[in-house]
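Fair warning: this is a prediction, and the values are worked out from it, not measured in the lab. In what follows, residues are counted from 1 in the order of the sequence shown.
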Amino acid sequence: MSTAAVTKTTGAEAEAVRADGARTAAQEPATVREPATVREPAPEPEPAPEPALATVREPAPSAAAPDPARAPAGPAALRALGRWLRAAALRSAAILALLAVWEAAPRLALVDSTFLPPVSEVAAAWWELAGNGQLAEHTQASLIRSFGGFGIAVVVAVPLGLLIGWYRPVAVLLGPLLEVFRNTAALALLPVFVLLLGIGETSKVSIVVYACVWPILLNTISAVGNADPTLVRLARSMDLSTPRLFQKVILPASVPAIFTGIRLAGAVSILVLVAAEMIGAKAGLGYLINASQFNFAIPEMYAGIVTISAIGVAFNQLLVSIERRLSLWRVPA
């Protein structure tokens, strides 16, 4: 066989093989090539650690050096203390002036020191009475009578005033009777109480009750009658029942006026009791004042008067504090 024939045969076979491969590739599905693997970059070498610096220690605060966070507290406290001292000085300026005049007038012979001794002598007599127990004994007797009658008056007058002020038929029925009795002085009826109840404790407590009822009763009636009509109409428009209306609107609005009457009654209870004790009693501040006058112990007499004034001021401040607690809803002016 010749070389040309072999060459032709080989070329024909090669073409047949290529044609057969093309048909096979057309019949088989295309092979999905996987993505080339991405090589992660090699980690960079960590830098060499720097040499540690020497730690610089802050100097400890000196004991004498002030703390800047607490520095403003000192001036603020001093300013608050200064404001309180100024307010206290302003409130007590009139009292201090009265005491100074009282001390100076007898010593300068402006008044007779026999009838108006200096306040220092009155203070010495008060201290002596407090030391021997007489002041405590008389003060206790007066406070029991006064506070007992005052408490009974509050319990009776406040509900009655609310009832009269809220229900008009009751006001029409009791109005004339109240007008007759409230214009009769309590001390004018003292002989009647003594005749009916005797000269013991019952008559003294009863006269205190009678004197204290009227300020509380009249102020309570006025407070209920002068309730804001706009608030009442608004509460009625919300379909509040009568008890709820009275509890949520009438009673809170009446507290300031009621306590005004209670404070007046507190002062009246002490004054009327002292007058009653001067007439017939064996103990009490009124008895102490009257007995000191008869014995011409004038400093002791003034000591009893000063004690009554101090009790009245303290009692009034107590009532003011209670009123503030019950009137927290009010917006300050």
Side-chain angles (χ1 to χ4, degrees), residues 60-108 110-111 116-127 129-131 135-136 139 142-143 146-147 150-151 154 215-216 219-220 222-223 226 228 231 251-271 285 299 302-333:
S62 176
D67 189 358
R70 298 183 180 180
L78 292 177
R79 287 194 298 269
L81 179 60
R83 288 194 297 268
W84 182 84
L85 290 176
R86 286 194 298 269
L90 182 61
R91 288 194 298 266
S92 58
I95 301 297
L96 295 177
L98 174 62
L99 295 178
V101 171
W102 188 356
E103 179 69 25
R107 296 189 181 279
L108 297 176
L110 299 178
V111 295
L116 183 63
V119 68
S120 57
E121 295 184 10
V122 174
W126 187 92
W127 185 259
L129 289 173
L135 186 64
T139 302
S142 294
L143 290 181
S146 178
F147 289 170
F150 173 79
V154 171
I216 303 174
N219 277 273
T220 304
S222 176
N226 294 330
D228 192 351
L231 294 178
L251 193 58
S254 304
V255 168
I258 293 174
F259 264 89
T260 300
I262 291 176
R263 289 168 59 188
L264 292 174
V268 169
S269 67
I270 298 175
L271 299 178
L285 293 174
Y302 282 104
I305 295 173
V306 170
T307 303
I308 291 173
S309 300
I311 292 174
V313 172
F315 190 37
N316 181 71
Q317 291 300 317
L318 175 63
L319 293 177
V320 169
S321 301
I322 297 175
E323 178 185 359
R324 289 174 180 171
R325 296 282 295 179
L326 296 178
S327 303
L328 296 177
W329 54 269
R330 288 195 299 174
V331 178

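- To the nearest 0.5 Å, atoms CZ (Arg325) and CD1 (Ile322) are separated by 10.5 Å.
- How far OG of Ser142 is from CZ of Phe147: 10.0 Å, rounded to the nearest 0.5 Å.
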Test log, rule side chain to side chain contact (heavy atoms under 4.5 Å, CB included), inputs Val119 and Tyr302 = CA-CA 9 Å; Val119 68; Tyr302 282 104; over 6 Å; no
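- By the side chain to side chain donor-acceptor pair (under 3.5 Å) test, Trp102 is found to be paired with no residue, residues two or more places apart in sequence or in another chain being considered.
- In this structure, Ile270 and Phe150 have side chains that are not in contact, with every pair of non-hydrogen atoms separated by 4.5 Å or more.
- For the pair Pro117/Val122, a side-chain contact is recorded, criterion being any heavy-atom separation below 4.5 Å from C-beta on.
- In this structure, CD1 on Ile216 lies 13.0 Å from CZ on Arg263, to the nearest 0.5 angstrom.
- The two atoms that bring Ala253 and Pro256 nearest to each other are O-CD, 3.6 Å, heavy atoms only.
- A heavy-atom distance below 4.5 Å is not found between the side chains of Leu90 and Arg86.
- In this view, Ser120 and Glu103, Arg107 satisfy the side chain to side chain donor-acceptor pair (under 3.5 Å) rule, not counting sequence neighbours.
- At a threshold of 4.5 Å between non-hydrogen side-chain atoms, the residues Thr307 and Leu129 do not count as touching.
- One distance of note links CG of Asn219 with CD1 of Ile258; it measures 9.0 Å at 0.5 Å rounding.
- Within the structure, the salt bridge (charged side-chain N to carboxylate O under 4.0 Å, His left out) test picks out no pair touching residues 306-318 (sequence neighbours left out).
- Put simply, CG on Asn316 and CD1 on Ile262 are 12.0 Å apart, with the number rounded to the nearest 0.5 Å.
- A distance of 7.0 Å separates CG of Leu143 from CG of Leu285, quoted to the nearest 0.5 Å.
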